[in-house]
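What follows is a single structure, written as structure tokens, with notes after it.
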Amino acid sequence: MKCFHYFKEKKFRIREERSAPELKETRKSDDYSGGDDRVIKSSCSATSPRGIPELFEEKAHNLRVFSFSELRQATNDFNRLLKIGEGGFGSVYKGSIKPADGKGEPTVVAIKKLNRDGLQGHKQWVAEVQFLGVLEHPNLVKLIGYCAVDGERGIQRLLVYEFMPNRSLEDHLFNRAFPTLPWKTRLQIILGAAEGLAYLHEGLEVQVIYRDFKSSNVLLDENFKPRLSDFGLAREGPLAGHTHVSTAVVGTYGYAAPDYIETGHLTAKSDVWSFGVVLYEILTGRRSLEKNRPKTEQKLLDWVKQYPADSKKFGLIIDPRLENEYSINEARKIARLADVCLSKSAKERPKMSQVVERLKQIRQVTEEEDSCDKNLEDISEPEPVETTEKNTEPSESWKRRMAHLEKLGEHVDGASRRRLIIMQRAKVL
């Protein structure tokens with residue numbers, strides 16, 4: 001995870017940084033348009049929604065607790081050949097674990113091992129355990145269990161997830177070693193990712209702000225269905241009566257909302273901005289930041305501004321690997337949606353539930369257009385006529401009709417006769 005920390009020089013009151021394990025106050029998903037400095041006293045009472053720690057206490061029993069020796073055996077002593085990923089948190093290995101009761105076939109899993117030298121690694125590890133111990137959605141990665149050992153060899157912190165065989169969206173968009181991701185598959189992935197974010201923002205009794213939405217955190221299962229992963233930076237949304245959470249800025253450069261970077265005010269609309277960036281990555285096949293390109297093309301959002309969705313030159317930004325196998329009308333609609341998500345004012349950005357509905361509408365309209373086009377093709381293209389050897393020459397009955405017409409033609413005027421001759425040659429009759 002390539003993270004950055006932003007330290008604002010201006011003096012303003014910042015509440016103590018609190019990730020999931022340290023949250024003690026209950027929170028409520030409320031109006032979270034952001035940008036408001038006012039401190040409003042919460043009217044929460046005993047009826048307030050519970051926070052992640054309280055919810056985790058109810059569901060913690062669903063997670064399996066592994067011993068370090070189990071996971072070391074599962075990864076062949078963390079063999080480098082089994083390493084499938086690496087980030088700021090640590091390394092991820094492909095492994096195989098036995099069922100808890102020892103019966104049945106082993107399960108293939110992904111095992112994330114905390115880098116003991118990583119900054120704030122333990123805090124992010126606890127946050128991920130608590131969030132994923134509570135969250136349940138088809139578009140979020142499933143946490144199977146964890147390992148926490150403080151022994152002679154030091155602190156060991158590991159997480160065990162379901163295995164995602166098709167790696168990440170980032171791999172398929174930017175790594176030329178992978179086949180080109182088809183257009184319809186891209187739309188399927190981005191819709192599923194949007195549904196995952198909408199669930200975090202609006203589908204729970206407590207709001208969750210992901211804070212690190214990017215293509216590398218969108219994992220793909222065997223059917224290319226997306227799963228959001230890596231919840232180490234996730235935070236609960238603002239308390240009831242507040243518009244934002246004040247926090248030190250962390251995240252990945254190129255994906256963080258400018259209002260969040262400038263003020264440290266975190267809202268669900270910060271995730272919406274990040275989603276808009278990934279929409280343009282889907283369209284263009286380019287990363288949010290590519291320093292090896294010409295200066296005017298290094299920052300994706302600056303580059304695409306030169307090719308508005310409604311302009312004739314818009315098609316120039318579409319991923320060339322698609323080789324025109326996409327719908328230009330659909331691409332324009334996706335770009336317009338991305339532009340709204342990237343509105344400078346957080347208040348003008350849509351909610352993720354609205355984004356989901358818009359993506360569904362775009363897909364539905366396109367499917368109807370495709371169906372209509374297919375029906376027109378079926379109507380306009382006549383059935384092929386089989387040509388056999390026996391009908392390559394005029395039939396005897398046709399010859400007799402033509403002779404009879406010619407005889408009749410001797411008694412008609414010149415104009416009618418010419419018309420008759422033309423009809424004969426055209427074999428209309």
Side-chain angles (χ1 to χ4, degrees), residues 1-10 14 17 19 34-35 85-92 112 115 117-121 123-124 127-128 167-175 190 193 197 200 209-219 228-235 244-306 317 319 338-339 341-346 349:
M1 184 191 308
K2 298 178 181 178
C3 297
F4 65 87
H5 294 260
Y6 174 86
F7 300 92
K8 187 171 175 59
E9 293 182 354
K10 294 181 181 180
I14 301 179
E17 172 74 14
S19 63
E86 189 165 5
F89 179 98
S91 300
V92 183
K112 185 188 288 187
N115 179 357
D117 298 327
L119 297 174
Q120 294 190 336
K123 187 176 183 180
Q124 293 182 19
E128 189 141 12
R167 298 178 68 90
S168 72
L169 175 61
E170 177 186 51
D171 291 320
H172 288 272
L173 285 179
F174 312 129
N175 190 333
I190 204 63
L197 281 178
L200 296 178
I209 303 174
Y210 189 29
R211 202 160 56 149
D212 202 21
F213 184 79
K214 55 185 177 180
S215 53
S216 61
N217 281 343
V218 179
L219 303 184
L228 304 188
S229 68
D230 201 344
F231 281 75
L233 297 182
R235 291 287 303 272
H244 60 266
V245 178
S246 293
T247 173
V249 178
V250 296
T252 304
Y253 187 81
Y255 296 92
D259 48 296
Y260 173 45
I261 295 174
E262 174 65 24
T263 65
H265 294 172
L266 179 67
T267 73
K269 298 296 181 72
S270 304
D271 285 345
V272 177
W273 172 281
S274 304
F275 186 82
V277 176
V278 174
L279 279 179
Y280 267 120
E281 289 186 332
I282 285 276
L283 288 173
T284 64
R286 294 194 183 194
R287 296 179 185 273
S288 61
L289 181 65
E290 295 187 359
K291 293 186 177 181
N292 61 332
R293 291 188 179 276
K295 191 172 182 179
T296 56
E297 299 183 20
Q298 290 181 0
K299 294 182 179 179
L300 176 61
L301 298 186
D302 289 343
W303 177 63
V304 296
K305 285 179 182 178
Q306 305 171 48
I317 71 169
D319 188 352
D339 291 339
C341 292
L342 295 167
S343 295
K344 186 175 181 180
S345 171
R349 298 171 204 155

Next item on the list: Please check if any side-chain donor atom of Arg235 sits under 3.5 Å from a side-chain acceptor atom of Thr247, or the reverse.
Entry: yes
Notebook entry, point to check: What heavy-atom pair brings Ser288 and Val277 nearest, and what distance separates the two atoms?
Noted result: CB-CG1, 3.8 Å
Check: Is Gln124 reaching over with its side chain to a backbone N or O of Leu233, donor-acceptor style, under 3.5 angstrom?
Finding: no
Notebook entry, point to check: Do any N or O atoms from the side chain of Lys112 and from the backbone of Val92 form a donor-acceptor pair under 3.5 angstrom?
Noted result: no
Item checked: Main-chain N/O of Leu266 paired to Ser270 side chain as donor or acceptor, under 3.5 Å -> no
Margin query: Can you tell me how far apart CG (Asp230) and OG (Ser216) are? Round to the nearest 0.5 Å.
Written below: 8.0 Å
Next item on the list: First locate atom CZ of Phe231, then atom CZ of Arg211, and finally report the distance between them rounded to the nearest 0.5 Å.
Entry: 13.0 Å
Notebook entry, point to check: Do Lys214 and Glu170 meet the salt-bridge criterion of a basic N to acidic O distance under 4.0 Å?
Noted result: no
Item checked: Flag, side chain of Glu290 to backbone of Gln298, donor-acceptor distance under 3.5 Å -> no
Item checked: Interatomic distance, Thr284 atom OG1 to Leu173 atom CG [nearest 0.5 angstrom] -> 8.0 Å
Next item on the list: Would you name the heavy atoms of Glu281 and Arg286 that are closest together and state the gap between them?
Entry: CG-O, 3.2 Å
Notebook entry, point to check: Once you round to the nearest 0.5 Å, how far does CD1 of Ile317 lie from OH of Tyr280?
Noted result: 5.5 Å
Notebook entry, point to check: Just by distance, do the side chain of Arg349 and the backbone of Ser343 share a donor-acceptor pair under 3.5 Å?
Noted result: yes
Next item on the list: Report yes or no: do Asn217 and Ser168 form a side-chain donor-acceptor pair below 3.5 Å?
Entry: no
Checklist line | Spacing of CG belonging to Leu219 relative to CG belonging to Leu228, to within rounding of 0.5 Å | finding: 8.5 Å
Checklist line | Ser274 side-chain N/O to Tyr255 backbone N/O, donor-acceptor pair under 3.5 Å | finding: yes
Check: So which heavy atom on Trp303 is nearest to which on Glu297, and how close?
Finding: CD1-CG, 3.4 Å
Check: What is the distance from atom CG of Leu289 to atom CG of Leu300, rounded to the nearest 0.5 Å?
Finding: 9.5 Å
Note to self: Given 3.5 Å as the limit, does a donor-acceptor pair link the side chain of Asp212 with the main chain of Gly251, or not?
What the structure shows: no
Item checked: Residues in ring-ring contact (aromatic ring centres under 6.0 Å, His included) contact with Phe275, at least two apart in sequence or another chain -> Phe213
